[in-house]
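I have placed the structure first, in the form of structure tokens, so that the comments after it can refer back to it.
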Amino acid sequence: MNIASVVVDVAVRQTDRPFDYEIPSRWEDMIQPGMRVIVPFGPRHVQGFVLETREEAESRKLKPIVEPMDIAPVLNKELLSLADWLTAESLCFKISALQAMLPAAMKAKYSKHIRITGDHTLSQEAQALFGSREEITWEEAAETGALAEVRREVKKGSLDVVYSVKSKGQKKTIRMVQCPLSEEELAQTIHSMPKNAVKQKEALQFFQGIAGNWVPLKETGISSAVAKALIEKSLLLEKQEETYRDPLAGRTFELDQPLELTQTQKAVIEPILAKIKEDQSETFLLHGVTGSGKTEIYLQSISEVIKKGQEAIVLVPEISLTPQMTDRFKQRFGDDVAVLHSGLSTGEKYDEWRKISRKEVKVVVGARSAVFAPFENIGLIIIDEEHETSYKQEENPRYHARDVAIWRSSYYQCPVILGSATPSLESFARAKKGVYKLLTLSERVNDRPLPSVDIVDMREELREGNRSMFSRNLFEKIKDRLQKGEQTVLFLNKRGYSSFIMCRDCGFVPECPNCDVSMTYHRHRHQLKCHYCGHEELSPNVCPECGSEHIRHFGTGTQKVEEELLKLLPEVRIIRMDVDTTGTKGAHERLLKRFADKEADILLGTQMIAKGLDFPDITLVGVLSADTMLHLPDFRAAEKTFQLLTQVSGRAGRHTLPGEVVIQTYTPEHYSIQLAADQHYEAFYEQEMQVRKAGGYPPFYFLALITVSHEEAITASGEANKIVANIKPELSPAAVMLGPVASPISRINNRYRWQCLIKYKREPKLGTVLKQVLEHYAKQGKSNGLMVSVDIHPYVLM
DNA sequence: AATGGTCAGCTG
DNA sequence: AGCTGACCATTC
């Protein structure tokens, strides 16, 4: 008999293994590994992925596959084995790995219906529920409280519960029509139409001269009622044709030409092209200061790959995946480019995925998950801004796009380019060790000078009586730009209005009732919001503790900066960009366009403006508070601060006008701020490496984070202790186990959280040991409510 | 995850 | 006896 082993869509430890199903003979030639199928699982139907098919001589009792969901595999051999690797590497469930590689539209949608079987007579109560219908939804029955009655009837056999599985996303189709008559017949028919059939006559006239051609109904101008009448008379034929939703509808791109490379660019691209030509895998770390022309290197390398008949993947952090960025690829490669970003609807993403899968494009530009693009002849993978932490996925499967890229490059024997002006310490250290090949672009194209940077000590400002959030230095410079008609970018890494509120009389700070974090104040709805569990409540006007009316809004958000700025300079035109103003689709693009069109003097925003914007008239960049990030409980805080400041400073003076940067800080002496001002990457690298070495952090050690949570703090800490005690003897003496300690956010959603951090260099057994821990708690922990999660190479230590 | 089976405890 | 809710094993 023919057997398929199937991983089912039930993401828990107990079902995290393949189940065997019989392949019914009618699907025998059809069912292949990598296909989605619907299978019976227990009493219901679920989606599953076929891992492999085989023939067994002996027949055994297996349930048959209900039906395939695809006509061709959605995952090829390579992606299936990548899923194996991902599962082992990140300790996730196989189903999570498989699903991570496909667009959300391919996730299953489940529904439950209750149907009358007709075998027995229904009770009156049930009859009332159905009315004249044959079938109702489960939800409907549940709402009316009739489930008990339904259960009885099901037992009796008069009702049936049917489970259905559907793919979430649908292919979009358009209605096509054709006139099947010959031209002569058509002319005759039109002539002999009854006089009152004006519309039908008109419709047929449309087909004169093009009879036999398929035309989209929309383009014919024929109403659907008229079309229906003609189809009934067989004067027209119709069919549904698959089509793509077009996110770029109405936009055309004029192709541009490769730019002439500078000497340094040539020196850098040469080894990349060599590896492409030789079909060899190699990871390049392209370290190029902002404005040094990294993108042109990417574009010309991709050209080479396309020339060879291969494909390329380009990863870009979500926040810099702007039209400005993707247009450069569209302009160079035209229709050969697919773009995957979060702004697309589920359906649009699905369509882009299908274009890739059918090899209708050669290049994919997208955020993290685009690393799974289903190409089968990859010639190059590029990760731009490789230091960005958003390349690490924080849910299962907890993978890092860089690792996936390198895995795929070794499968396809092609190079990887990691590009950044401020490489992650991990990557730079690997480049220094020779694991990656380091390529450096140290000059800006056209030798534009780097902007001059002023560091302003805000403590000093305060001492001299300036209590505003703008230093005198920055304020003067802003006024100067206004006069000259040049543009300013102000950067702040906070969102909302104020980050928290506090009673000035008793010091009370409202905290989330479910989590141990202070709540964030959102002014537009005068609400307090918890960023961890989503809890919302109205912001109090009097202190709930002491009844005082003196409530102060602490921390400075973009809204507040805007207000203060308008107070000081009433006529200034500001565009504010943060999560609040860019929430709607395309808002990001619209705001940037307005700024580019010089409809505003100042662009004020959070993280999202740190990247990629490149306008000629920006001559001033102000960082309002450089150290908000520096004091987070994160060993990467200094690195992130350095990267951000360097990145932001790069926004100024990219064109003919020289740029200036003002960095305001309360810790001007910190090396990450000093060295960012000097744009001195290597010096920062050396210094930070010392710190990491002393602390035993990456890149000197690998990390694994175990988090244990439970409703009772005692249970969480007790079990965390047990876990540590169990793991410790399994590891080599060189491994360090920190904790368990309460997590920095010690409670989320009413669950207390304890964590321990493992620092290690080489622990071949670690994966197995951690998997055992997870399995143990999957069995035992389910009943006592304990949850254990493991993050290998964590980026978020909270 | 979701389901059906088992079983203790309660109602009448 | 009949029903409900808690617990728990099972899912090819």
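Since the model is a prediction, treat every value here as computed from it, not as a measurement.
Per the geometry, CG belonging to Asp16(A) stands 14 Å off C1' belonging to dT11(C), to the nearest Å. Across the protein-nucleic acid pair, Lys94(A) atom NZ and dA1(B) atom P stand 19 Å apart, rounded to whole Å. Look at CZ on Arg54(A): it is 10 Å from C1' on dC12(C), rounded to the nearest Å. Counting to the nearest Å, the C1' atom of dC12(C) and the CD atom of Glu22(A) are 11 Å from each other. When rounded to the nearest whole Å, the span between CG of Asp9(A) and P of dT3(B) equals 14 Å. Rounded to whole Å, atom C1' of dT3(B) lies 7 Å from atom OH of Tyr163(A). Residue Gln99(A) contributes atom CD, which lies 13 Å from atom P of dA1(B) at whole-angstrom precision. As rounded to whole Å, 13 Å separates atom C1' of dA1(B) from atom NZ of Lys107(A).
Salt bridge Glu135(A)/Arg133(A): absent, no basic N to carboxylate O contact under 4.0 Å. Using a cutoff of 4.0 Å between basic side-chain nitrogens and carboxylate oxygens, Lys349(A) and Glu352(A) are not scored as salt-bridged. The residues Arg636(A) and Glu426(A) are annotated as salt-bridged, a charged nitrogen and a carboxylate oxygen being separated by less than 4.0 angstrom. Salt bridge Asp84(A)/Lys94(A): present, at least one basic N to carboxylate O contact under 4.0 Å. We find that Lys392(A) and Asp791(A) are joined by a salt bridge, their nearest charged nitrogen and carboxylate oxygen being less than 4.0 Å apart.
Tyr350(A) carries Arg354(A) over the face of its six-membered ring, with the cationic atom under 6.0 Å from the centre and within 45° of the normal. Seen from the ring of Phe19(A), Arg17(A) counts as a face-on cation partner, given the 6.0 Å and 45° thresholds.
Not less than 6.0 angstrom separates the ring centroid of His710(A) from the ring centroid of Tyr752(A).
Residues of residues 62-72 of chain A having a heavy atom closer than 4.0 Å to DNA chain C, listed by number: Leu62(A), Lys63(A). Non-hydrogen atoms lying under 4.0 Å from DNA chain B are contributed by Pro43(A), Arg44(A), all within residues 39-52 of chain A.
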Practice task
Could you go through the salt bridge (Lys or Arg N to Asp or Glu O under 4.0 Å) check for Asp9(A) and Arg36(A) one step at a time?
Solution key: CA-CA 10 Å; Asp9(A) 179 22; Arg36(A) 295 175 305 154; over 6 Å; no
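At the heavy-atom level, Arg17(A) lies under 4.0 Å from base atoms of the strands shown. If you check every strand for non-hydrogen atoms under 4.0 Å, Tyr110(A) touches nothing.
Among dT3(B), dC12(C), dT11(C), the nucleotide with an atom closest to any side-chain atom of Asp20(A) is dC12(C).
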